[in-house]
Amino acid sequence: MTRDILHLAIPAYPIAVARVVDPALRQRPVVIAPGLSDRAIIQSVSAEAASDGVISGMTVGRGRSLCPSLLALPPDPRLLARANHALNKLISQYSPITELQPAGRLFIDLTGSRRLFGPGRDVAIRLEKELENSLRLSGTLGVAANKLVSRIAASCLERPGVCDVLRGSEQSFLAPLPVNRLPGIGSVREKLLLRELNLRHIGELATLNLLQLKLVFGPFAPLVQQRAQGRDLAPVTPPRKIPEICAEGFLEREENNTVIVRAELCRLVEECGMQLRQINRATGRIQLTIHYADGVSASRDRHLSSPQNHDLLLYEIAKELFTELCVRRVRIKGLKLSCRDFDQAGYQASLFDIGPSQRQQSLQQTIDLLRNKHGMRIIQRGQTLASCQS
């Protein structure tokens, strides 16, 4: 069966999302860079800044020398997470087989949806309109029989629109394109192809046999030959869902006060612990992520010797992770705590006396009963009140 694969690419995705929230950023040269110093490395560039010679990987200082009106914004992981959720919700209406990639790119396998929504070209036109009307985003869309050609088709468009490659004409579509359009051909191999073999277009590359290609690509020659001929059997792979319980919180203002940040951490631990006990599970792995004010995020995880779901025990481990992670002299914007590797919760009671662990277990059960009935704020540890006292 011939497949219908759609590829959507939103240029300068973080900037496009920021412009949805703040329309004043439109038509202005904007870049995304972690930290606003002149030494910060640019991650994303708007078309207005690119026209002045600003590129990704350049320092902000160098970018401002090329474009004096350049505006640098820090990454906003919270805003991007919201945008990804909204984008995923929109495309899931057309097919359950979707592959969301970084930087505003995604694949949709529409093969099984033809009878419901029609050809892939019709779906692409409809999706383009809904993307503009619902999310105020625009991008280029490529439709083809495989992921490779659909991605290249989307990249051929200089402005938002749809490029549909007729099934069976993949090789002829790729033939006149420059060789650097093929994935895996970097600047070094491109120079070698142009200088040594005088190959400028993909069609010329597709005529070479494997022995000739091995001179340049070595063991990757068969893969390059397949790509040059427009063949790609890679499936659209939805993200694998890992069982996880997580809690994320952002501070009212950016902080470097350890007491206030630990108060937020304790609140996240209590939220995760409550969810674990509700499903009668214990976690064997904890991951903590810190979001800094300059847009940088850092993560670290810990495998537990035995699964736990008690708040006090989880908090002690989370504090150790926080101490190991918090090494930058930058204010903290938010925290995320994740629990994975679940196991059945168990508790071994003492035969002779009520030890401290039993008392803690009884206290935890009582707190859970109160919170289930009246909400999480009905009873709070003093540790979590630090942020309120500030």
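Hydrogens, waters and symmetry mates play no part in the numbers below; they use all other heavy atoms, side chains included.
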Sequence-distant partners of F117, ring-ring contact (aromatic ring centres under 6.0 Å, His included), two or more places apart:
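Testing F117 for ring-ring contact (aromatic ring centres under 6.0 Å, His included), a comparison that skips the adjacent residues, returns Y94.
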Next item on the list: Could you give me the CA-CA distance, side-chain angles and deciding distance for E204 and R200, then say whether side-chain contact (heavy atoms from CB on, under 4.5 Å) is met?
Entry: CA-CA 7 Å; E204 298 169 344; R200 300 180 179 275; 4.2 Å; yes
Would R28 and D22 satisfy salt bridge (Lys or Arg N to Asp or Glu O under 4.0 Å), going step by step from the backbone distance to the final call?
-> CA-CA 12 Å; R28 294 188 59 183; D22 186 3; over 6 Å; no
For [X] against [Y], the heavy-atom pair lying closest together:
X	Y	value
L135	A86	CD2-CB, 3.8 Å
L210	Q225	CD2-OE1, 3.5 Å
L148	D232	N-OD2, 3.0 Å
L6	G120	CD1-O, 4.3 Å
E170	V165	CA-CG1, 4.3 Å
V20	R26	CA-NH2, 4.4 Å

Can you tell me how far apart [atom1] ([X]) and [atom2] ([Y]) are? Round to the nearest 0.5 Å.
X	Y	atom1	atom2	result
L141	R121	CG	CZ	13.5 Å
C156	L177	SG	CG	4.5 Å
L131	L137	CG	CG	5.0 Å
L73	L79	CG	CG	10.5 Å
T258	L265	OG1	CG	11.5 Å
D52	L66	CG	CG	7.5 Å

Polar side-chain atom of [X] near backbone of [Y] as donor-acceptor pair, under 3.5 Å:
X	Y	answer
T207	L205	no
S46	V30	yes
N146	R231	no
T140	A154	yes
T289	S299	no
N309	R281	yes
Q275	C272	no
S172	S169	yes
Q212	L208	no
N84	L80	yes

Q) Are the charged groups of R253 and E255 less than 4.0 angstrom apart, N to O? A) yes
Are [X] and [Y] packed together at the side-chain level, in the sense that at least one heavy-atom pair is separated by less than 4.5 angstrom?
X	Y	answer
L288	L325	yes
L87	L8	yes
R64	D38	yes
S113	V123	no
I245	F342	yes
T59	R39	no

By salt bridge (Lys or Arg N to Asp or Glu O under 4.0 Å) - contacts of [X] (at least two apart):
X	result
E244	R340
R167	D4, D164
E48	R19

Mind checking what makes side-chain contact (heavy atoms from CB on, under 4.5 Å) contact with R328, not counting sequence neighbours?
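Partners of R328 under the side-chain contact (heavy atoms from CB on, under 4.5 Å) test: Y292, D294, V296, V330.
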Point to revise | CD/E316: more than 12 non-hydrogen atoms of other groups inside 6.0 Å | key: yes
### Message
Is it true that, when you exclude L369 itself, more than 12 heavy atoms of the residues, nucleotides or ligands shown sit nearer than 6.0 Å to its CG?
### Response
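Above 12, so yes.
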**OP:** Supply the members, apart from I97, of the Ile/Leu/Val/Met/Phe/Trp/Tyr cluster built from side-chain contacts under 4.5 Å; use none for a lone residue.
**Re:**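 I5, F107, V236, listed by chain and number.
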- Query: Is it true that V31 and Y13 fall in one hydrophobic cluster, defined by side-chain heavy atoms closer than 4.5 Å?
  - Reply: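 No, separate clusters.
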Side chain to side chain donor-acceptor pair (under 3.5 Å) test vs H7 passes for just one of K147, R105, E99, Q101, namely R105
